[in-house]
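Written below as structure tokens is the structure these notes are about.
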Amino acid sequence: MPDVRNPGPDYLAFWRERHVCTLTTLRPDGTPHVVPVGVTYDPDTLTARVITSGSSRKVAHVLAAGPEGARVAVCQMQGRRWATLEGRAVIRTEPGQVEDAVRRYTERYERTPAHNPERVVIEIAVDRALGRG
């Protein structure tokens, strides 16, 4: 298991490559809800970010967990390489936070996402890293 504070250069490089990821949240009944997303990761602050519409089910699941946020996981894979980041997610709606997350997404995925006036950020305070990058 990679050390979340020092996962190694290969692991971090994998999180900079362009990959479709998954986000796992929990429904109110405790069952997992897994959806494809774009994820950016800032290892300096141990923060992963997902941009999405504020009306999405994944946002509702995070909000339902209360002010402390929800336990979530983001994952990506390619061949034998895989990486999962786990942590506590909260919803950020501040324009500056949303703009920063869009900028990070644009850098990683090399495309600007379509305009979405309902866009929010699922911000994950990463406390665990798994995988082989």
Side-chain angles (χ1 to χ4, degrees):
M1 177 167 38
D3 176 355
V4 73
R5 301 214 177 273
N6 187 18
D10 291 341
Y11 191 86
L12 294 177
F14 190 39
W15 278 104
R16 287 188 299 272
E17 296 171 11
R18 185 179 181 189
H19 295 285
V20 173
C21 303
T22 61
L23 169 70
T24 302
T25 59
L26 297 178
R27 295 180 182 100
D29 67 2
T31 59
H33 178 251
V34 184
V35 294
V37 294
V39 176
T40 62
Y41 180 50
D42 180 351
D44 294 331
T45 62
L46 299 176
T47 305
R49 294 173 180 87
V50 174
I51 57 175
T52 189
S53 181
S55 60
S56 71
R57 293 304 315 149
K58 53 192 166 285
V59 168
H61 296 154
V62 172
L63 291 173
E68 291 85 36
R71 289 294 300 176
V72 302
V74 289
C75 183
Q76 64 183 15
M77 62 159 297
Q78 179 186 40
R80 301 182 128 205
R81 297 187 307 162
W82 64 278
T84 298
L85 300 171
E86 297 178 8
R88 188 145 311 268
V90 296
I91 304 304
R92 303 295 300 260
T93 60
E94 303 90 337
Q97 296 295 325
V98 174
E99 289 170 17
D100 179 58
V102 168
R103 179 188 59 77
R104 292 171 187 271
Y105 175 96
T106 300
E107 286 175 11
R108 181 176 187 195
Y109 291 96
E110 299 175 344
R111 70 173 201 85
T112 302
H115 176 71
N116 179 353
E118 293 183 25
R119 181 169 287 132
V120 299
V121 180
I122 299 174
E123 187 176 87
I124 306 160
V126 175
D127 58 23
R128 187 173 189 191
L130 305 164
R132 199 171 54 209

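Basis for what follows: all heavy atoms, side chains included, without hydrogens, waters or symmetry-related copies. These numbers come from a predicted model, not from an experiment. Numbers for residues simply follow the sequence, beginning at 1.
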Open item on the list: Less than 4.5 Å apart, side chain to side chain, heavy atoms only: is that true for Val62 and Thr25?
Closed with: yes
TODO: Say whether Leu63 and Val50 are linked into one hydrophobic cluster, either directly or through other cluster members, by side-chain heavy-atom distances under 4.5 angstrom.
DONE: yes
Open item on the list: The criterion is salt bridge (Lys or Arg N to Asp or Glu O under 4.0 Å); which residues satisfy it with Glu110, sequence neighbours excluded?
Closed with: none
Open item on the list: Looking at Arg27 and Pro32, would you say the former's side chain and the latter's main chain have a donor-acceptor pair under 3.5 Å?
Closed with: yes
Open item on the list: Quick check for you: to the nearest 0.5 Å, what is the distance between Arg18 atom CZ and Gln76 atom CD?
Closed with: 12.5 Å
Open item on the list: Once side chain to side chain contact (heavy atoms under 4.5 Å, CB included) is applied, do any residues pair with Gln78, and if so which ones, sequence neighbours excluded?
Closed with: Phe14, Glu17, His19, Arg81
Task: Under-4.0 Å salt bridge between Arg71 and Asp127 - done: yes
Open item on the list: To the closest 0.5 Å, what do you measure between CD (Glu107) and OG1 (Thr112)?
Closed with: 10.5 Å
Open item on the list: Applying salt bridge (charged side-chain N to carboxylate O under 4.0 Å, His left out) as the test, list every pair that has at least one member in residues 57-69; sequence neighbours left out.
Closed with: none
Task: Residue pair Thr40, Trp15: steps toward the side chain to side chain contact (heavy atoms under 4.5 Å, CB included) verdict - done: CA-CA 7 Å; Thr40 62; Trp15 278 104; over 6 Å; no
TODO: Give the other cluster members for Tyr109, using side-chain heavy-atom distances under 4.5 Å between Ile, Leu, Val, Met, Phe, Trp and Tyr residues; answer none if it is isolated.
DONE: Ile51, Val98, Val102, Tyr105, Val121
- [ ] Verify, without hydrogens or angle tests, whether Tyr11 (side chain) and Leu130 (backbone) share a donor-acceptor contact under 3.5 angstrom.
- [x] yes
- [ ] Search all heavy atoms of Val72 against all heavy atoms of Ala89 and return the closest pair with its distance.
- [x] CG2-CB, 3.7 Å
TODO: Kindly indicate whether the side chain of Ile91, heavy atoms from C-beta on, has any atom under 4.5 Å from the side chain of Ile122.
DONE: yes
Open item on the list: Could you work out, with salt bridge (Lys or Arg N to Asp or Glu O under 4.0 Å) as the rule, every residue matching Glu99, not counting sequence neighbours?
Closed with: none
- [ ] Would you kindly confirm whether Ile124 and Val90 end up in one hydrophobic cluster when ILVMFWY residues are joined by side chain heavy atoms under 4.5 Å apart?
- [x] no
Open item on the list: Quick check for you: to the nearest 0.5 Å, what is the distance between Ser55 atom OG and Asn116 atom CG?
Closed with: 7.5 Å
Open item on the list: Treating Thr47 as the side-chain partner and Thr45 as the backbone partner, does any N or O pair qualify as donor plus acceptor under 3.5 Å?
Closed with: yes
Open item on the list: Less than 4.0 angstrom from a charged side-chain N to a carboxylate O is my criterion; do Arg104 and Asp42 meet it?
Closed with: yes
Task: side chain to side chain contact (heavy atoms under 4.5 Å, CB included) against Arg80, all qualifying residues, sequence neighbours excluded - done: Arg132
Task: Atom pair CD (Glu94) and CG (Asp100), whose distance is rounded to the nearest 0.5 Å - done: 11.5 Å
TODO: Supply the atom-to-atom distance Leu23 CG to His61 NE2, rounded to the nearest 0.5 angstrom.
DONE: 10.0 Å
Task: Side-chain heavy atoms of Thr93 within contact of Arg119, under 4.5 Å - done: no
TODO: Please check if the side chain of Ser56 supplies one atom and the backbone of Val59 the other of a donor-acceptor pair under 3.5 Å.
DONE: yes
TODO: Identify the heavy atoms of Arg88 and Gly69 that sit nearest to each other, and give their distance.
DONE: NH1-O, 3.0 Å
Task: Spacing of Gln97 atom CD and Arg49 atom CZ [to the nearest 0.5 Å] - done: 7.0 Å
- [ ] Indicate if Val35 and Val74 have the same hydrophobic cluster label, given that clusters are the connected sets of ILVMFWY residues with side-chain heavy-atom separations under 4.5 angstrom.
- [x] yes
Task: Residue pair Val20 / Pro36: nearest heavy atoms and the distance that separates them - done: CG1-CB, 4.1 Å
Task: Close side-chain approach of Ser53 to Val120, heavy-atom, < 4.5 Å - done: no
Task: Heavy-atom pair of closest approach, residues Tyr41 and Val4 - done: OH-O, 4.1 Å
